[in-house]
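Below, all heavy atoms of this structure are taken into account, side chains as well, without hydrogens, waters or symmetry copies. Start at 1 and go down the list; that is how both ligands and their atoms are numbered. Quick caveat: nothing in here was measured; it's all calculated off a predicted structure.
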Amino acid sequence: MSRKTENGHAGGQDSQTSKNPADKSWLAYILINYRWVFVCFFLLPLSLVYDIYHLARSWIIFKLNSAPKKHDERVKFVQKQVREWNRQGRNTPMCTARPGWQTISFRQPKYKKTLFNVKVNLMDVLEIDTERKTVRVEPLVSMGQLSATLNPLGWTIPILPEMDDLTVGGLIMGTGIETSSHKHGLFQHICVSFELVVADGSVVKCSKEENSDLYYAIPWSYGTLGFLTAVEIEIVPSLQFVRLEYKSVSSLDEACRVFEEETLKEENNQFVEGLMFSLNRGVIMTANMVNSAEPGKLNVISRWYKPWFFKHVESFWGLEETQVEYIPTRDYFHRHSRSIFWEIQDIIPFGNHPVFRYLFGWMVPPKVSLLKLTQGDTVKELYENNHFIQDMLVPMSTLKDALLCFEKEVKIYPVWLCPFKLPKAPGMLRSPSGKQELYVDIGTYGVPKVRNFHPVETTRRVESFVRSVKGFQMLYADSYMTEEEFHSMFDHTLYNQMRKKYDCDKAFPRVYGKVSRAARD
Ligand SMILES: Cc1cc2nc3c(=O)[nH]c(=O)nc-3n(C[C@H](O)[C@H](O)[C@H](O)COP(=O)(O)OP(=O)(O)OC[C@H]3O[C@@H](n4cnc5c(N)ncnc54)[C@H](O)[C@@H]3O)c2cc1C
Ligand SMILES: NC(=O)C1=CN([C@@H]2O[C@H](COP(=O)(O)OP(=O)(O)OC[C@H]3O[C@@H](n4cnc5c(N)ncnc54)[C@H](OP(=O)(O)O)[C@@H]3O)[C@@H](O)[C@H]2O)C=CC1
Ligand SMILES: CC(C)=CCC[C@@H](C)[C@H]1CC[C@@]2(C)C3=C(CC[C@]12C)[C@@]1(C)CC[C@H](O)C(C)(C)[C@@H]1CC3
């Protein structure tokens, strides 16, 4: 990571060096400043091999049409393990056996080492039902796999969180959001039904009609009510291109106003997104799927030589007229994937250079899981102390105050803005008014540019602001809230009832026990 905070050394780096003087050594220097050598020559090719292997595997399974038959067998295997846990006396709570380095989060869960690990290796698309407009999938199906499956058939899921390796299971047990969320809600809101193996080893199905209490309690429960084994998700027709409009905004007030106005035009705008490049400079994007592109306006952004998407967006800032472009739909869905939003800048600082693009551009991005597996303690500490990664979900009416809060506390740009609808429904996320509300996800990923950044204190101040406006924190990120604060942010009423009903106390930790900072390495 090459950039530093304004004070040139960033509080945390001090603590890092003073803790272990050996970190000053040439090895630490090389690991930090030349991580790209390892990434380019080792991780990029390995990521490619890994992806090709998975694509080939899914393709063969699809051709053999073997997944639906195997599904029941695989669910029985999950049941067998849970029954074995019951037989052994229910001593330690359970979690999935998915290794921590594979999860899309900065940290590794500590509890994987101590809890009873249950293998839930279900990773196939089971059935596409175009009459009912649903796709039935297993929990380890990833977003890249799902878009590769559905798009050629002319379908997509209404919300497609864009990082290729996000899994259906993780997005339901945690949460998922994308630029169509102002129309469709969060990932949980496009799910029709869940199939789970619960603590006694039985299979329970739930939907709005069947076991609806469990259905509403599953999202944000982080695998603490049961093991997910299949999900039915809505599908909608997918057209070939996305027609994207870029509107430049030049003040904070204008940014908030245009962003809210465009979000409210729900019928006109299928997708709404904002990128702020400073407190007063931003580009608001609105988009719709279309079947043809105007000549000369097609931009295939996934090509190896194309600039990172956020850089491309920045180039529209300052233009008076709204700019229009057409992007292939799948490229749009994964538009920030190649640059891992803007994190790639810190990993490969010259990632936009033509020579790099020519030699390696077609292989990016490196897989987040492999980066995580190989980052080592030095890089990890550097990120821990000098990096801030948070998504905060706040009511749209508080967007301006929230942006001012982030400016004061971290001053990281670009800032990602993504609106979403919070429907009135029971569960962890209660709309404060009891009615449907409009929220916005504010994503900040990068190196803070303020003098007084402190990973714990700064995050706690931001968390406190978010609680004060009745917002929510996305829990893949570091959370420093106490259990009490956590309970005041998330409504545990239904969750507690379901914990009792499905006898979860000895079977699974509580959500806080899985997502708090103390539970993660
Ligand atoms: C279940 C499934 C999984 C897929 N997985 C991947 C993947 O991991 N990576 C990737 O790149 N592409 C995947 N695809 C997409 C697939 O590779 C492309 O659709 C490809 O263009 C299909 O090849 P084809 O034209 O030779 O087959 P086609 O002749 O178009 O399709 C016929 C086959 O599709 C199956 N089929 C048709 N409709 C359905 C349906 N509604 N539900 C289930 N099966 C159906 C039939 O069993 C038949 O064997 C998947 C598609 C499906 C349906
Ligand atoms: N655009 C977006 O919406 C983005 C979302 N994210 C976040 O990333 C995370 C998803 O990452 P991903 O790597 O896919 O998932 P993870 O492996 O991080 O899983 C997240 C949680 O879901 C639980 N879980 C996953 N599968 C099952 C299952 N089959 N049964 C029971 N519990 C399960 C895990 O339990 P256990 O601990 O027992 O394994 C874990 O607590 C989410 O938290 C999401 O909010 C990140 C980036 C972008
Ligand atoms: C709601 C939305 C859009 C969230 C986007 C979140 C991403 C920006 C996050 C998710 C996982 C994430 C924390 C990650 C990292 C950056 C920010 C990511 C990609 C990186 C790649 C930074 C570099 C680190 O060495 C390491 C490899 C461990 C992590 C891995 C996870």
Side-chain angles (χ1 to χ4, degrees), residues 1 35 39 43 78 93-109 111-112 115-123 138-143 159-163 165-179 181 186-188 194-197 218-231 273 336-337 339-344 346-347 365-376 378-380 382-384 387-393 416 418 420 441-446 473-478 508-509 511 513-515 519-520:
M1 192 165 60
R35 189 184 186 191
V39 172
L43 285 195
V78 177
M94 298 177 280
C95 66
T96 80
R98 186 172 195 229
W101 58 269
Q102 287 186 0
T103 69
I104 301 286
S105 138
F106 176 70
R107 300 201 176 271
Q108 309 253 10
Y111 55 79
K112 297 262 172 177
L115 300 192
F116 185 94
N117 282 211
V118 172
K119 295 189 189 81
V120 191
N121 293 331
L122 293 97
M123 54 179 81
E138 294 181 327
L140 280 181
V141 164
S142 70
M143 289 303 107
I159 301 172
L160 197 110
E162 62 185 76
M163 296 183 69
D165 294 335
L166 287 163
T167 64
V168 167
L171 289 165
I172 291 166
M173 292 294 181
T175 195
I177 188 165
E178 245 309 315
T179 51
S181 286
L186 296 172
F187 197 81
Q188 69 206 59
F194 304 129
E195 176 191 90
L196 295 125
V197 172
I218 292 298
W220 296 74
S221 69
Y222 283 81
T224 62
L225 293 174
F227 294 109
L228 198 59
T229 50
V231 183
E273 174 179 24
H336 293 301
S337 301
S339 51
I340 322 184
F341 284 79
W342 19 102
E343 291 287 346
I344 198 92
D346 293 329
I347 300 167
K367 284 189 98 58
V368 165
S369 52
L370 296 180
L371 279 170
K372 205 170 154 182
L373 183 66
T374 57
Q375 71 172 341
T378 316
V379 173
K380 185 166 171 235
L382 190 72
Y383 269 88
E384 273 177 341
H387 220 83
F388 183 84
I389 299 169
Q390 289 289 341
D391 276 272
M392 296 296 190
L393 317 179
W416 191 61
C418 177
F420 74 98
D441 176 353
I442 305 183
T444 35
Y445 328 113
Q473 179 174 37
M474 271 181 82
L475 300 172
Y476 76 85
D478 285 354
F508 306 104
V511 177
K514 275 186 146 183
V515 301
R520 292 167 165 173

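- Contact annotation: for K514 versus ligand 2, heavy atoms closer than 4.0 Å belong to the side chain alone.
- Atoms of ligand 2 found under 4.0 Å from any heavy atom of G226 (numbered from 1 in listed order, with element): 31 (C).
- Counting only heavy atoms from C-beta outward, the side chains of I172 and I218 approach each other to under 4.5 Å.
- Of the protein's heavy atoms, Q375 OE1, 3.6 Å lies nearest to atom 24 (C) of ligand 3.
- Residue S142 places no heavy atom under 4.0 Å from ligand 2.
- Panel note: side chain R98, backbone L140; no donor-acceptor pair is recorded below 3.5 Å.
- The protein heavy-atom contact nearest to atom 14 (C) of ligand 3 is V368 CG1, 4.4 Å.
- In this structure, the side chains of K514 and C95 come closer than 4.5 Å at one or more pairs of heavy atoms.
- Residues W342 and W416 form a side-chain contact, since some pair of their non-hydrogen atoms from C-beta on lies under 4.5 Å apart.
- The shortest N/O to N/O separation between I104 and ligand 2 falls below 3.5 Å.
- Under a 4.0 Å criterion applied to the non-hydrogen atoms of I340, ligand 3 contributes the atoms 19 (C).
- The atoms of ligand 2 that sit less than 4.0 Å from any heavy atom of G176 are 3 (O).
- Looking at atom 27 (C) of ligand 3, its nearest protein heavy atom turns out to be L371 CB, 3.4 Å.
- Residue C95 touches ligand 2 through backbone and side chain together, judged by heavy-atom distances below 4.0 Å.
- Taking the side chain as every heavy atom from C-beta outward, F420 and L393 approach each other to under 4.5 Å.
- Only the side chain of M474 comes within 4.0 Å of ligand 2, counting heavy atoms alone; its backbone N, CA, C and O stay farther away.
- Side-chain contact between M94 and F227: present, with at least one pair of heavy atoms (C-beta onward) separated by less than 4.5 Å.
- Heavy atoms of M474 found under 4.0 angstrom from ligand 3 belong exclusively to the side chain.
- Distance from atom 22 (C) of ligand 3 to its nearest protein heavy atom, with residue and atom name: Y383 CE2, 3.7 Å.
- Contacts between D346 and ligand 3 below 4.0 angstrom, taking non-hydrogen atoms only, are absent altogether.
- The atoms of ligand 2 that sit less than 4.0 Å from any heavy atom of L166 are 4 (C), 5 (C), 6 (N), 8 (O), 10 (C), 11 (O), 14 (O), 46 (C), 47 (C), 48 (C).
- For ligand 3, the atoms lying closer than 4.0 Å to a non-hydrogen atom of D441 are 1 (C).
- Not one N or O on the side chain of D165 forms a donor-acceptor pair closer than 3.5 Å with the backbone of M163.
- Heavy-atom proximity to atom 4 (C) of ligand 3, evaluated over I344, D391, T374, V379, is greatest for D391.
- At a heavy-atom cutoff of 4.0 Å, ligand 3 is contacted by the side chain of M163 but not by its backbone.
- Of all atoms in ligand 2, numbered sequentially from 1 with element shown, those under 4.0 Å from a heavy atom of K112 are 36 (P), 37 (O), 39 (O).
- Neither the backbone nor the side chain of F187 comes within 4.0 Å of ligand 2, counting heavy atoms alone.
- Comparing P99, P509, C418, G170 by heavy-atom distance to atom 20 (C) of ligand 2, the nearest is G170.
- Put simply, the side chain of Q108 gets close to the backbone of W101: a donor and an acceptor are under 3.5 Å apart.
- Distance remark: protein heavy atom not present below 4.0 angstrom from atom 20 (C) of ligand 3.
- The nearest protein heavy atom to atom 25 (C) of ligand 2 is closer than 4.0 Å.
- Of the heavy atoms in F341, only side-chain atoms (C-beta onward) come closer than 4.0 Å to ligand 3.
- Remark: minimum distance from atom 6 (C) of ligand 3 to any protein heavy atom is reached at Y476 OH, 3.3 Å.
- Contact between L122 and V78 at its shortest, heavy atoms only, is CD1-CG2, 4.1 Å.
- Among protein heavy atoms, the minimum distance from atom 11 (C) of ligand 3 is reached at I104 CG2, 3.7 Å.
- Between L228 and M173, the closest side-chain pair of non-hydrogen atoms falls below 4.5 Å.
- In terms of protein heavy-atom proximity, atom 5 (C) of ligand 3 is nearest to Y445 OH, 3.6 Å.
- Listed by number with element, the atoms of ligand 2 under 4.0 angstrom from any heavy atom of P139 are 29 (N).
- Among the atoms of T175, some N or O lies under 3.5 angstrom from an N or O of ligand 2.
- The backbone of S105, and not its side chain, has at least one atom closer than 4.0 Å to an atom of ligand 3 (non-hydrogen atoms only; backbone = N, CA, C, O).
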